[in-house]
Amino acid sequence: MEKGEDSSTFKMGNSAQERSLPYVPDCYVVPPSCEPCDSNSEILPTIDVSRLKGGDDERRGVIRELSLACQHLGFFQIVNHGINQNILDDALEVARRFFELPAKEKKKFMSNDVYAPVRYSTSLKDGLDNIQFWRIFLKHYAHPLHRWIHLWPENPPGYREKMGKFCEEVKELSIEIMGAITESLGLGRDYLSSRMDENGMQVMTVNCYPACPDPETALGLPPHSDYSCITILLQNLAGLKIFDPLAHGGSGRWVAVPEVTGVLKVHIGDHVEVLSNGLYKSIVHKVTLNEENTRISLASLHSLGMDDKMSVPCELVNDKNPVRYKESSFNDFLDFLVKNDISQGDRSASWNRVTEDYSVPWSAPKGLWKGLDEDEPAPYDPIGQEVTKKEKSRTKFAENAVHIIPFVLLACALVLWFFSNPDVDVGVKGESIAARIEGLTIEGDIDNDNDGTQTGFLGAATEVGHSENKLKRDVNKRNRRIQASRKVMKGFY
Ligand SMILES: O=C(O)CCC(=O)C(=O)O
Ligand SMILES: [Fe+2]
């Protein structure tokens, strides 16, 4: 496919990222994020999980840290987890080599069937997705290993052995962490252990995000939360961003998660949110791209068995904290994927937007897991206002995002019109800007990010000091992204 040719659908096996196209086709272009992003990784909790095996006091201390991390972010990093560095390196290495295999070899696993225990893909509904992401993935079930491993790729040599070892170790770690999570909720360490261990699901998602020629305009994965109880993630490079909803007075911000050798990341998934009746929040995260290097990540999703429904434990329900979530299983989730058109991220059409990677975008838990009652009662909130605030900020964030779109479209139209009309006079007045166009005046405040860069609907017009070419380029870029926001993703931003 040549540049300029209609690229509204790229079939898997033929996607831009698989072919390393030197440009980003329109169907990959996403609207700019409304929230600031910073790389202040100090706020990311890091937990030394070896202390879970220590004495009672030590264990209690770790459980307290873990509980705070689950309430605030739904995310933490773990160190001293006991998995040997060689095992981590080998798993990343065989994953990288798998994606380097000739297309013919990878196509053996190509499938759009979300129930398939092993599948290679690039999209959700091949040929139907309105928006595409710069990602290639291989997913395979991994627990119990002997049941699935013979279905995994035989190539590259060593894939089964090395990935299998990693899966087993991560599974064991997941049981340890889930035990600490149920203990932190007052349910006891073994509350879920047999349901997670003997019959539980482990889905290993092997992600590859090739270098992208214009990394700012596309995404590896859109904002979503994982359906799982927990996801344990290993990456070779930074690129993951998590959403901290409490930052900036509740309007939130994205935080870049750095890569530190040997550190694993833990995402709280939707099923732990259900388990905790809303006390713990599943983390909303997305994947950004870079221009130079291929990023590999291994996301191990741990949940109950295929048909085993997660529900709110009666221990966590009382008059003040009624049940806030519907019960559901992994299978219910897959059925939901099949029955819904989830590729467009249009939340106005459905609450239940879900991405193809068994993940639930933004406020989907309301539809998929919550929603016993549209007038939801106040959240279970034994620690005061923090959780309530977070809940509100999520909703506020989504509402604000939708309202800003018309302004962005309007401002962009004005800027384009300005370039085709020399009579327009744009002036910057201190902290506000006015564009006067034949009697029409539009005014607004310049919206500054905490790092001082301008964002928001007046961003384009405030760049009057820049060279004209750069401005035109930027406007062009912005215009493409605005068109993308018309097309898709109302639910994502
Ligand atoms: O690549 C990453 O860092 C995240 C992957 C992810 O979110 C997923 O597979 O659900
Ligand atoms: Fe995810």
Side-chain angles (χ1 to χ4, degrees), residues 91-92 94-95 98 109-124 135-153 159-160 162-175 177-178 192 195-208 221 224-235 240 264-274 282-283 285 287 296-310 328-338 342 354-361 364 368-369:
L92 283 172
V94 287
F98 172 81
F109 302 96
M110 218 178 247
S111 170
N112 255 337
D113 175 6
V114 299
Y115 300 99
V118 181
R119 73 185 187 108
Y120 168 92
S121 188
T122 55
S123 56
L124 170 58
R135 176 179 77 137
I136 308 166
F137 66 86
L138 173 72
K139 273 180 193 182
H140 42 64
Y141 292 179
H143 183 79
L145 195 59
H146 64 82
R147 188 163 160 206
W148 308 112
I149 195 167
H150 64 284
L151 301 174
W152 295 6
Y159 183 90
R160 290 182 182 173
K162 289 177 171 154
M163 192 58 78
K165 185 78 193 141
F166 173 68
C167 288
E168 279 182 324
E169 301 256 334
V170 174
K171 176 72 193 177
E172 211 181 305
L173 185 59
S174 77
I175 300 290
I177 294 172
M178 278 307 295
L192 288 179
R195 286 164 75 190
M196 298 260 334
D197 196 357
E198 282 136 47
N199 307 311
M201 293 286 301
Q202 177 181 15
V203 179
M204 181 59 68
T205 309
V206 183
N207 295 303
C208 172
L221 267 177
H224 67 278
S225 60
D226 296 341
Y227 79 90
S228 55
C229 288
I230 54 170
T231 299
I232 301 182
L233 186 104
L234 170 67
Q235 61 180 12
L240 175 68
L264 295 171
K265 283 90 190 145
V266 179
H267 300 171
I268 294 303
D270 295 324
H271 271 165
V272 160
E273 184 168 326
V274 173
S282 57
I283 180 75
H285 53 289
V287 178
I296 303 284
S297 74
L298 308 179
S300 183
L301 286 88
H302 302 268
S303 64
L304 301 179
M306 200 65 169
D307 294 304
D308 193 359
K309 291 189 190 287
M310 178 65 87
S328 60
S329 66
F330 178 45
N331 224 348
D332 293 336
F333 179 79
L334 293 178
D335 291 347
F336 176 83
L337 283 184
V338 171
I342 56 182
V354 188
T355 67
E356 35 77 29
D357 62 332
Y358 311 159
S359 317
V360 188
L368 187 57
W369 316 116

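Note that the numbering runs from 1 along the sequence shown for the chain. All values derive from a computational prediction rather than experimental measurement.
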Enquirer: Distance from Tyr227 atom OH to Met310 atom CE, nearest 0.5 Å?
Expert: 11.0 Å

Enquirer: What residues form a side chain to side chain contact (heavy atoms under 4.5 Å, CB included) with Ala91, not counting sequence neighbours?
Expert: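 In terms of side chain to side chain contact (heavy atoms under 4.5 Å, CB included), with neighbours along the sequence ignored, Ala91 is linked to Met163, Phe166, Leu298.
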
Enquirer: Does any part of the side chain of Asp226, heavy atoms only, come nearer than 4.5 Å to the side chain of Ile283, both counted from C-beta?
Expert: no

Enquirer: With the side chain counted from C-beta on, respond yes when Val206 and Phe98 share a heavy-atom pair under 4.5 Å apart, and no when they do not.
Expert: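 The answer is no; the side chains never approach within 4.5 Å.
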
Enquirer: Does the side-chain contact (heavy atoms from CB on, under 4.5 Å) test come out yes or no for Val170 and Leu234, once each step is laid out?
Expert: CA-CA 10 Å; Val170 174; Leu234 170 67; over 6 Å; no

Enquirer: With side-chain contact (heavy atoms from CB on, under 4.5 Å) as the test, would you mind laying out the steps for Met204 and Trp152 before giving the verdict?
Expert: CA-CA 11 Å; Met204 181 59 68; Trp152 295 6; 5.8 Å; no

Enquirer: Closest heavy-atom contact between His267 and Leu240?
Expert: NE2-CD2, 3.7 Å

Enquirer: Val118 and Phe109: which non-hydrogen atoms are nearest, and at how many Å?
Expert: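 Looking at all heavy atoms of both residues, the shortest contact is CG1-CD2, 3.6 Å.
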
Enquirer: For the pair Asp332 and Lys309, find out whether any cationic side-chain nitrogen is under 4.0 Å from an anionic carboxylate oxygen.
Expert: yes

Enquirer: Going by salt bridge (charged side-chain N to carboxylate O under 4.0 Å, His left out), name the residues that satisfy it together with Asp197, two or more places apart in sequence or in a different chain.
Expert: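 Result, salt bridge (charged side-chain N to carboxylate O under 4.0 Å, His left out) vs Asp197: none returned.
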
Enquirer: State, to 0.1 Å, how close Ile149 and Gly164 come at their nearest heavy-atom pair, and which atoms those are.
Expert: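 Of all heavy-atom pairs spanning Ile149 and Gly164, the closest is CD1-CA, 4.4 Å.
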
Enquirer: With heavy-atom distances below 4.5 Å as the criterion, would you say the side chains of Leu173 and Leu264 are in contact?
Expert: yes

Enquirer: Any heavy-atom pair between the side chains of Asp308 and Asn199 that's under 4.5 Å?
Expert: no

Enquirer: Would a distance-only check, ignoring hydrogens and angles, find a side-chain to backbone donor-acceptor pair under 3.5 Å from Arg195 to Leu304?
Expert: no

Enquirer: Whether the side chain of His285 engages the backbone of Ser225 through a donor-acceptor N/O pair (distance < 3.5 Å, no angle test) should be reported.
Expert: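 No, His285 side chain to Ser225 backbone: no donor-acceptor pair under 3.5 Å.
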
Enquirer: Can you sort out the partners of Arg160 under salt bridge (charged side-chain N to carboxylate O under 4.0 Å, His left out), two or more places apart, ordered by chain and number?
Expert: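 Checked Arg160 against salt bridge (charged side-chain N to carboxylate O under 4.0 Å, His left out); zero matches.
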
Enquirer: Do Lys139 and Ser121 come within less than 4.5 Å of each other through their side chains, counting heavy atoms only?
Expert: no

Enquirer: When rounded to the nearest 0.5 angstrom, what is the spacing between CG in Asp270 and OG in Ser282?
Expert: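 Interatomic distance, Asp270 CG to Ser282 OG, rounded to 0.5 Å: 4.0 Å.
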
Enquirer: Counting C-beta onward and ignoring hydrogens, is there a side-chain heavy-atom pair between Met306 and Leu334 closer than 4.5 Å?
Expert: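 Heavy-atom side-chain distance check passes, below 4.5 Å.
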
Enquirer: Is there a donor-acceptor contact under 3.5 Å linking the side chains of Asp307 and Ser329?
Expert: no

Enquirer: Among all residues two or more places apart in sequence or in another chain, which pass the side chain to side chain contact (heavy atoms under 4.5 Å, CB included) test with Lys171?
Expert: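 For Lys171 the side chain to side chain contact (heavy atoms under 4.5 Å, CB included) partners, ignoring immediate neighbours, are His143, Ser174, Ile175, Gln202, His302.
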
Enquirer: Show your working on side-chain contact (heavy atoms from CB on, under 4.5 Å) between Phe330 and Val203 and close with a plain yes or no.
Expert: CA-CA 11 Å; Phe330 178 45; Val203 179; 4.0 Å; yes

Enquirer: Only counting residues at least two apart or in another chain, list the ones meeting salt bridge (charged side-chain N to carboxylate O under 4.0 Å, His left out) with Glu169.
Expert: Lys165

Enquirer: Among residues at least two apart in sequence or on other chains, which ones pass ring pair (Phe, Tyr, Trp, His ring centres under 6.0 Å) with Tyr159?
Expert: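 Here the qualifying residues are His140.
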
Enquirer: Hey, mind stepping through His271 and Ser328 against side chain to side chain donor-acceptor pair (under 3.5 Å) and telling me if it holds?
Expert: CA-CA 8 Å; His271 271 165; Ser328 60; 3.1 Å; yes

Enquirer: Can you give me the closest heavy-atom contact between His224 and Leu221, atom names plus distance?
Expert: CE1-CD1, 3.7 Å

Enquirer: Step by step, work out the side-chain contact (heavy atoms from CB on, under 4.5 Å) result for Asn207 and Gln235.
Expert: CA-CA 9 Å; Asn207 295 303; Gln235 61 180 12; over 6 Å; no

Enquirer: Does some side-chain heavy atom of Glu168 sit less than 4.5 Å from a side-chain heavy atom of Leu145?
Expert: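 In short, these two side chains touch, coming nearer than 4.5 Å.
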
Enquirer: Kindly compute the distance separating CG (Asn331) from OH (Tyr115), expressed to the nearest 0.5 Å.
Expert: 6.0 Å

Enquirer: Please name the pair of heavy atoms, one in Ser303 and one in Cys229, separated by the smallest distance, quoted to 0.1 Å.
Expert: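 The answer is CA-SG, 4.1 Å.
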
